[in-house]
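Heads up: the structure comes next, in structure tokens.
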Amino acid sequence: MDFQFSAGVIVYAYFDAERKFLFLKDHHGNAGPPKGHIDKGESAHDAALRETLEESGLGVNPDAYYRDDVHYIYTENGEKVNKSVAYFIAEVKSDVKVRISPEHVGYEWLSLKEFPDGLPYKNSSIRNAIREIYFRADSYIDKIEKMDALNKEYSMLPKKQRSWSLSKNFVPGEGPLNAKVAIIGQAPGRNEDEQRRPFVGAAGKLLDHLIRKAGLKREKVFITSIVQFFPPENRLPTQEEANLCMPFLKRQLEIVKPKYIILLGNFAAQNIDGMGEIMKNHGKLVKSKEYGCYLYATLHPAAAVRIKKHTPIIEEDFAKLKEILKSE
Ligand code: URA
């Protein structure tokens, strides 16, 4: 069997506040996103950008986390072909100039309500497969918009409170908005406050190692903290601060809908109902009705950086997590 690898970009723009997607119509009687073969030594991401430029004339900047890998088998000249296509998403301005390549006969900007009217499809199975790809992208874009609006509201919290003693720099969560695993720490540290990114300091380096130990990749995990503003002098956030921030975290998790929430340290565990004392409950998988997923607590990597005897415990918890995720 022949194996083929391709990559493409689902391009969208807003026309009078209505989200529309770019469909390129080809000579074979189909329509879909710009896509094509990944060259030898080329990444899927780079191939997707190159193909989009070649086929539509658009230089795009895809979302940092979205990637939809689609696999299917088809027959070409009597030979079975096992095909994998990686799709990214990118927003462009509605007034961009689309310049189609000679392998296309036209293009259309369509909302998914209009799909597939006005588009050619050689057969219904191709149409249905293309439909699924656009609909998954559309749901993800809804998540991006919800998270952006929520984070905007959260970032204004310092202005709305009469007394505020945390940093005013908001450190939003990072990672795919459809991640299977979310990791939640205590609060950003000084490095995180400066870079406005979670877990980029010493604890972050250890966390990266632990994520790999659990068989995961950092870019596939949603990472955030209970309190998303730096507490000066790296102090523990107060319970009042945690209570102020928790409703935002809950709403963020409602958007991501992870299957597993990993809680790092006592502060994170104690702010999530039912998790209690970390030294008693770490390394145990707990089903949560409230969050609609599994909770799994372990020590905070910052504690393991400071207290060496914590290192084997946290390492073991992440190794155990790998087994849990594998046995799904
Ligand atoms: N510790 C946390 O709990 N969160 C961060 O973002 C960084 C360090």
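Side chains included, hydrogens not; waters and symmetry mates left out as well; all remaining heavy atoms used. These numbers come from a predicted model, not from an experiment. Counting starts at 1 for both ligands and their atoms, in listed order.
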Check your understanding: How close does the nearest protein non-hydrogen atom get to atom 6 (O) of ligand 1, and which residue and atom is it?
Key -> F199 N, 3.2 Å
Point to revise | Donor-acceptor pair, side chain of Q161 and main chain of P158, under 3.5 angstrom | key: no
**Study point:** Side chain Y260, main chain L325, donor-acceptor under 3.5 Å
**Key:** no
Check your understanding: Is A302 in contact with ligand 1, taking contact as a heavy-atom separation below 4.0 Å?
Key -> no
Practice item. Indicate, with yes or no, if the rings of F5 and H37 have centres closer together than 6.0 Å. Key: no
**Study point:** H300 touching ligand 1 at heavy-atom level, < 4.0 angstrom
**Key:** yes
Check your understanding: Donor-acceptor pair, S155 side chain versus K152 backbone, under 3.5 Å?
Key -> yes
Review point. Which atoms of ligand 1 have any heavy atom of G185 under 4.0 Å away?
Key: 3 (O)
Review point. Hey, is the main chain of A31 close enough, under 3.5 Å, to the side chain of Y121 for a donor-acceptor pair?
Key: yes
Revision key, fill the gap. Heavy-atom proximity to atom 4 (N) of ligand 1 ranks first, among S225, P198, P301, G189, for S225
Check your understanding: For I183, which of I262, L263, I261 qualifies under side-chain contact (heavy atoms from CB on, under 4.5 Å)?
Key -> I262
Review point. Which residue from G201, A187, A202 reaches closest to atom 1 (N) of ligand 1 through any of its heavy atoms?
Key: A187
Point to revise | Q186, portion touching ligand 1 at heavy-atom distance under 4.0 Å | key: both
